[in-house]
Amino acid sequence: MTAFTVALVLVVAAAGLLRWRRPAWYWLAFGVTLAALRVLVRYRSVMDVCGLTVPPARWRLSLARATNRPIPEPRPPRIRRLRPTRTGLVLRLKLRPGQDVFDITAASDRLRHSFSMFGVTSREVRSGVVEVRMTGYDVLKRVQMPAETETRPMRVPVALREDGSAHYRDYRAIPHALTLGATESGKSVYQRNLVAGLAPLDVALVGIDCKQGVELFPLARRFSALADSPDTAAELLDALVARMADVYRLIRTQQRITVDVPDAEIAADIWDLPDELRPTPVVVLVDEVAELALYATKEEEKRRDRIITALVRLAQLGRAAGIYLEICGQRFGSELGKGITMLRAQLTGRTAHRLNDETSANMAFGDIAPDAVLAAIQIPAELRGLAIAGDASGGWHRIRAPHTSLRQAVNLCNRYADRTPDLPELAPFRPTTSTATELVPSAKASPATA
């Protein structure tokens with residue numbers, strides 16, 4: 001056996017081992033080159049069989065007949081750029097006249113099989129230009145967030161999308177969101193990633209955890225207010241509604257509506273105010289919304305109506321005042337009582353982990369992306385953390401949050417405890433914590449999401 005044969009066998013064995021144990025390393029070492037060659041060689045024939053070509057122009061047919069030349073072949077979209085990434089390939093295509101982005105989207109599954117890729121998604125960059133993102137392996141099996149993420153005010157990366165890009169929670173674009181998930185579906189890990197992303201920012205965190213605080217109270221050093229019972233939650237929400245009214249009065253006095261002030265300087269929300277006058281934005285996390293909506297007595301029914309009314313008011317009016325809602329729950333349906341569907345209508349962002357019933361999936365996506373309902377109820381139980389994320393635009397993605405243990409989240413909140421703002425109207429609900437700020441080394445986390 002020659003040295004070349006031995007080396008070839010070792011390379012093939014190493015490639016097979018990497019593909020099995022470290023797919024990301026295999027992709028960077030071997031897969032990206034093979035995939036790029038495969039796409040370039042097969043491109044024209046694949047586009048033809050997938051119905052993504054257009055007939056040649058009439059003038060070209062006439063010219064071919066006049067000069068007795070072969071009839072021109074149908075033309076596929078032109079490749080403007082082929083860019084490799086750490087998870088796959090990105091193709092930027094220039095569409096031919098008569099083609100549409102929906103043609104590419106409808107053929108995504110056929111393109112995936114034809115190019116031997118794991119997944120294919122597409123989006124329109126601008127008129128006539130489509131970006132096709134192809135992943136070479138299952139990026140959601142072992143979640144590794146991108147090394148570089150885009151940073152903006154009130155925008156944090158919380159999960160990884162199936163196309164290898166980061167999934168952001170952008171409060172300026174989507175003020176309020178609903179997150180659903182059955183027990184052991186990964187909803188708590190998603191919530192920890194959200195708190196971990198918000199902890200370094202100049203934002204006040206307010207929590208409502210009616211499970212006696214077992215989920216949010218360990219993170220108390222970074223929270224400006226916490227409630228662990230429906231009674232306390234009702235008072236806390238009333239205080240937030242009062243704060244919202246005060247912020248609106250501040251905006252009204254600072255609008256500067258005069259003929260001497262350009263329109264761009266007229267304030268309509270807190271982000272139009274000067275930095276020295278801008279109130280601290282508030283993110284309200286409700287850990288289990290069903291506990292706030294259930295009641296057994298007349299007194300509890302009055303408290304329930306008071307809570308739901310306050311949540312609806314904050315969802316309808318809180319954006320301009322810098323108050324954002326994160327509503328979480330295992331179950332979300334119309335049987336929770338009046339006002340629930342009104343609250344849902346104001347929650348633009350929707351995230352659903354594994355659900356036990358179709359009704360909750362319909363409440364999450366039925367009004368914005370009906371095809372995402374089936375995807376939400378088909379998430380297997382062993383893939384904890386896998387979720388479907390969508391918004392009012394109708395688009396949706398599969399995402400998975402990286403595993404973050406409770407100890408890691410606590411250490412991060414303790415590290416940024418000095419950024420916790422003191423809000424006078426929420427002072428009665430400020431959690432009492434010990435003065436110790438010791439960070440306990442966390443155990444090595446499993447790469448798979450729990």
Exceeds 12 heavy-atom contacts within 6.0 angstrom, atom CD of Gln316: yes
Taking atom OG1 of Thr121 and atom CZ of Arg398, what is their separation to the nearest 0.5 Å? 11.5 Å
Considering only distance and modelled atom types, tabulate donor-acceptor pairs under 3.5 Å from the side chains of residues 131-140, sequence neighbours left out.
residue: Glu131; atom: OE1; partner: Arg123; partner atom: NE; Å: 3.2
residue: Glu131; atom: OE1; partner: Arg123; partner atom: NH2; Å: 3.3
residue: Glu131; atom: OE2; partner: Arg92; partner atom: NH2; Å: 3.0
residue: Thr135; atom: OG1; partner: Gly119; partner atom: N; Å: 3.2
residue: Thr135; atom: OG1; partner: Gly119; partner atom: O; Å: 3.4
residue: Tyr137; atom: OH; partner: Arg86; partner atom: O; Å: 3.3
residue: Asp138; atom: OD1; partner: Leu140; partner atom: N; Å: 3.2

So is Arg155 actually on top of Tyr168's ring, under 6.0 Å and inside 45° of the axis? yes
Please round to the nearest 0.5 Å and tell me the distance separating atom CD of Gln330 and atom OG of Ser360. 10.0 Å
Test item: Leu314 and Met244 side chains (from C-beta on) under 4.5 Å apart, heavy atoms: yes
Could you pull out the closest heavy-atom pair between Gly207 and Leu236, with the gap in Å? O-CD2, 3.9 Å
Side-chain heavy-atom pair Pro230, Cys210 within 4.5 angstrom cut-off: yes
Expected output: side-chain Asp209 to main-chain Leu216 donor-acceptor under 3.5 Å: yes
List the steps, then state whether salt bridge (Lys or Arg N to Asp or Glu O under 4.0 Å) holds for Glu326 with Arg169. CA-CA 10 Å; Glu326 285 286 341; Arg169 180 67 180 94; 2.4 Å; yes
For Ser122, which of Asp163, Thr105, Asp103 qualifies under side chain to side chain donor-acceptor pair (under 3.5 Å)? Thr105
Is there a side-chain contact (heavy atoms from CB on, under 4.5 Å) between Trp271 and Met154? Walk through the geometry before answering. CA-CA 11 Å; Trp271 303 106; Met154 299 303 296; 3.6 Å; yes
Would you indicate whether Tyr295, at its atom OH, is surrounded by more than 12 heavy atoms from other residues, nucleotides or ligands within a distance under 6.0 Å? no
Are any of the side-chain nitrogens in Glu124 or Arg126 under 4.0 Å away from the carboxylate oxygens of its partner? no
For residues Tyr190 and Ile399, determine if any side-chain heavy atom of one lies less than 4.5 Å from a side-chain heavy atom of the other. yes
Who pairs with Phe332 by ring-ring contact (aromatic ring centres under 6.0 Å, His included), at least two apart in sequence or on another chain? none
For Arg344, which residues count as a side chain to side chain donor-acceptor pair (under 3.5 Å) partner, sequence neighbours excluded? none
Show me the donor-acceptor pairs, under 3.5 Å and distance only, between side chains in residues 305-313 and residues at least two apart or in other chains.
residue: Arg306; atom: NE; partner: Asp238; partner atom: OD2; Å: 2.7
residue: Arg306; atom: NH2; partner: Asp238; partner atom: OD2; Å: 2.5
residue: Thr309; atom: OG1; partner: Asp305; partner atom: O; Å: 2.6

Is Leu111 close to Leu52 at the side-chain level, that is, under 4.5 Å between some pair of heavy atoms? yes
NZ/Lys211: more than 12 non-hydrogen atoms of other groups inside 6.0 Å: yes
Straight-line distance of Asp202 CG to Asp275 CG, nearest 0.5 Å: 10.5 Å
Steps toward side-chain contact (heavy atoms from CB on, under 4.5 Å) verdict (Val282, Val203): CA-CA 6 Å; Val282 179; Val203 59; 6.0 Å; no
Would you check if Arg78 and Leu93 make a side-chain contact, meaning some heavy-atom pair closer than 4.5 Å? no
Hey, are the side chains of His167 and Val158 touching, using non-hydrogen atoms and a 4.5 Å cut-off? yes
Is the shortest side-chain N to carboxylate O distance from Arg384 to Glu184 below 4.0 Å? yes
Qualifying residues under ring-ring contact (aromatic ring centres under 6.0 Å, His included), relative to Phe365, sequence neighbours excluded: none
Going by the rule ring-ring contact (aromatic ring centres under 6.0 Å, His included), which residues pair with Tyr324 if we only count those two or more places apart in sequence or in a different chain? Tyr171
Spatial distance of atom CG (Leu91) from atom CZ (Arg83) [nearest 0.5 Å]: 10.5 Å
Nearest-0.5 Å distance that lies between atom CZ in Arg419 and atom CZ in Arg221: 15.0 Å
Tell me whether Arg331 at atom CZ has more than 12 heavy atoms from other residues, nucleotides or ligands lying less than 6.0 Å away. yes
Are the side chains of His176 and Ile327 in contact, using a 4.5 Å heavy-atom criterion? no
Are the side chains of Leu219 and Val410 in touch, meaning some heavy atoms are under 4.5 Å apart? yes
Hey, what do you get for OG1 (Thr351) to CG (Leu180), rounding to the nearest 0.5 Å? 8.5 Å
For side-chain hydrogen bond (donor to acceptor under 3.5 Å, both in side chains), just list the numbers for Arg75 and Thr53, CA-CA rounded to whole Å, side-chain angles, deciding distance to a tenth of an Å, and then say yes or no. CA-CA 5 Å; Arg75 297 177 299 166; Thr53 57; over 6 Å; no
Please test Arg161 against Arg400 for side-chain contact (heavy atoms from CB on, under 4.5 Å), starting from the C-alpha separation and ending with a verdict. CA-CA 7 Å; Arg161 290 186 176 182; Arg400 199 179 190 189; over 6 Å; no
Start with the C-alpha gap between Arg80 and Val129, add the side-chain angles, then the distance that decides, and say whether side-chain contact (heavy atoms from CB on, under 4.5 Å) holds. CA-CA 9 Å; Arg80 301 189 66 175; Val129 179; 3.5 Å; yes
